[in-house]
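Input: a single structure, listed below in structure tokens.
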Amino acid sequence: MQQKTVRPTRKSFGFTLIELLVVLVILGLLAALAGPRVMKYLGGAKSDTAKLQVEEFASAMDLYRLEVGRYPTTEEGLDALVKAPAGVTGWNGPYLKKKDVPKDPWGNAFHYAAPGQHGSFDLYSLGADNQEGGEGENKDLVNW
């Protein structure tokens, strides 16, 4: 006895239109529910990064002061942490890992003044809006 195998006459490859629509609806629902939450965490991560950068700069400033005897002047700015200013003795930098002074997470330059209004130096980022004051992502991130 020979057994006959029954082969389907129609081969089905791929997905039907209904299956694709169901997947798209599910993805849309997931994006609608999770999207705002993900964006909130992304924004918070930028603020946390800026806060860490300010702390890193402050530590580098303290090391600069130990070796040079003073903090960089406002005119020398943060560049004094990566390039020796003219006429400075005792500079043993660079005091930052990067060759250039990094910008804040929103692409703006950090603000620096020495002597500062709040201490030996003021170092801060103005947040996402790059304007003084604000809340949330627009909050200023400072070293004082």
_When you measure from the side chain of N143 to the backbone of A58, do you find a donor-acceptor pair of N or O atoms at a distance under 3.5 Å?_
no
- Query: Mind checking whether F57 and P102 have side chains closer than 4.5 Å, heavy atoms only?
  - Reply: yes
Side chain to side chain donor-acceptor pair (under 3.5 Å) pairs touching residues 80-102, sequence neighbours excluded, are E67-Y95
For D104, the side chain to side chain donor-acceptor pair (under 3.5 Å) test, sequence neighbours excluded, returns S125
Full working for side chain to side chain contact (heavy atoms under 4.5 Å, CB included) between V101 and V82 | CA-CA 7 Å; V101 177; V82 292; 4.1 Å; yes
Answer with yes or no whether the hydrophobic clustering places L81 together with V142; edges join I, L, V, M, F, W, Y residues whose side-chain heavy atoms lie under 4.5 Å apart.
no
For R65, the side-chain contact (heavy atoms from CB on, under 4.5 Å) test, sequence neighbours excluded, returns Y71
One should read off an interatomic distance between T49 OG1 and W106 CH2, to the nearest 0.5 angstrom, of 8.0 Å
Excluding L52, membership of its hydrophobic cluster (Ile, Leu, Val, Met, Phe, Trp, Tyr; side-chain heavy atoms within less than 4.5 Å) reads none
Original post:
Would you find a donor on one side and an acceptor on the other, under 3.5 Å apart, between the side chain of S47 and the backbone of E137?
Top reply: no
Would you mind writing out the side-chain donor-acceptor pairs for residues 18-29 within the sub-3.5 Å range, not counting sequence neighbours?
residue, atom, partner, partner atom, Å
E19, OE1, T16, N, 2.9
E19, OE1, T16, OG1, 3.4

Taking every heavy atom of P72 against every heavy atom of A114, the minimum-distance pair comes out as O-CB, 3.2 Å
Whether S120 side chain and G116 backbone form a donor-acceptor pair below 3.5 Å: no
Side chain to side chain contact (heavy atoms under 4.5 Å, CB included) evaluation trace for L141 with F110:
CA-CA 10 Å; L141 301 154; F110 283 91; over 6 Å; no
Please confirm whether the backbone N or O of G127 pairs with a side-chain atom of N138, one donor and one acceptor, at under 3.5 Å? no
So the salt bridge (charged side-chain N to carboxylate O under 4.0 Å, His left out) pairs with at least one residue in residues 118-135 (sequence neighbours excluded) are none
Linked, directly or transitively: V54 and F121 (ILVMFWY side chains, under 4.5 Å): yes
Residue pairs passing the ring-ring contact (aromatic ring centres under 6.0 Å, His included) test with at least one member in residues 122-144, sequence neighbours excluded, are H111-Y124, H118-W144, Y124-W144
Residues passing the side-chain contact (heavy atoms from CB on, under 4.5 Å) test with T73, sequence neighbours excluded, are R70, E75, E76
task: May I ask you to decide if K103's main-chain N or O and Q53's side chain share a donor-acceptor pair within less than 3.5 Å?
output: yes
Looking only at heavy atoms, the pair that brings G133 and D140 closest together is N-OD2, 2.8 Å
